[in-house]
Amino acid sequence: MNQSSGGGDVLLNAIAAAVLGGTSLFGGRGTVWSALTGALLIGSISNGMDLLALPSSVKFMVTGAALLTAVTIDALARSGRQPAGRS
């Protein structure tokens with residue numbers, strides 16, 4: 001095992017793509033198409049930052065901010081919904 005495993009942005013991009021695609025971190029299901037849409041969105045953001053020649057630290061912060069925004073919106077939407085299940 002390499003000590004630098006997971007040191008890149010692949011893991012962050014994979015989680016961000018799934019969450020931006022609509023899969024909830026609080027449990028739930030997503031579709032392949034929504035994950036691909038999220039990956040396309042993350043790829044577009046990353047490509048734009050590459051074209052602007054931004055440093056990798058800024059790329060991490062922007063991707064993290066997009067992930068944080070998606071999770072916050074999901075949490076707020078979940079708190080407004082009625083809990084489903086048996087009583």
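Bear in mind that the values here come from a model prediction, so they are computed numbers and not experimental data.
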Within a strict 4.5 Å, meaning less than it, do heavy atoms of the Leu20 and Ile42 side chains meet? yes
Check Met49 against Val62 and note the closest heavy-atom contact, atom names and distance. SD-CB, 3.6 Å
Linking I/L/V/M/F/W/Y whenever any side-chain heavy atoms sit under 4.5 Å apart, do Val58 and Leu68 land together? no
Restricting to non-hydrogen atoms, name the atom on Val19 and the atom on Leu67 that form the minimum distance, rounded to 0.1 Å. CB-CD1, 3.7 Å
Pairs flagged by side-chain hydrogen bond (donor to acceptor under 3.5 Å, both in side chains) wherever residues 34-58 is involved - sequence neighbours left out: Thr31-Ser34, Asp50-Lys59
Can you list every pair that meets side-chain hydrogen bond (donor to acceptor under 3.5 Å, both in side chains) and has a residue in residues 61-72, with sequence neighbours left out? none
Using the rule that two of Ile, Leu, Val, Met, Phe, Trp, Tyr join whenever any of their side-chain heavy atoms come within less than 4.5 Å, decide whether Leu41 and Leu52 are in one cluster. yes
If I take atom CG from residue Leu54 and atom CZ from residue Phe60, how far apart are they, to the nearest 0.5 angstrom? 13.5 Å
Apart from Leu36 itself, what residues make up its hydrophobic cluster, given side-chain heavy atom links below 4.5 Å? Val32, Trp33
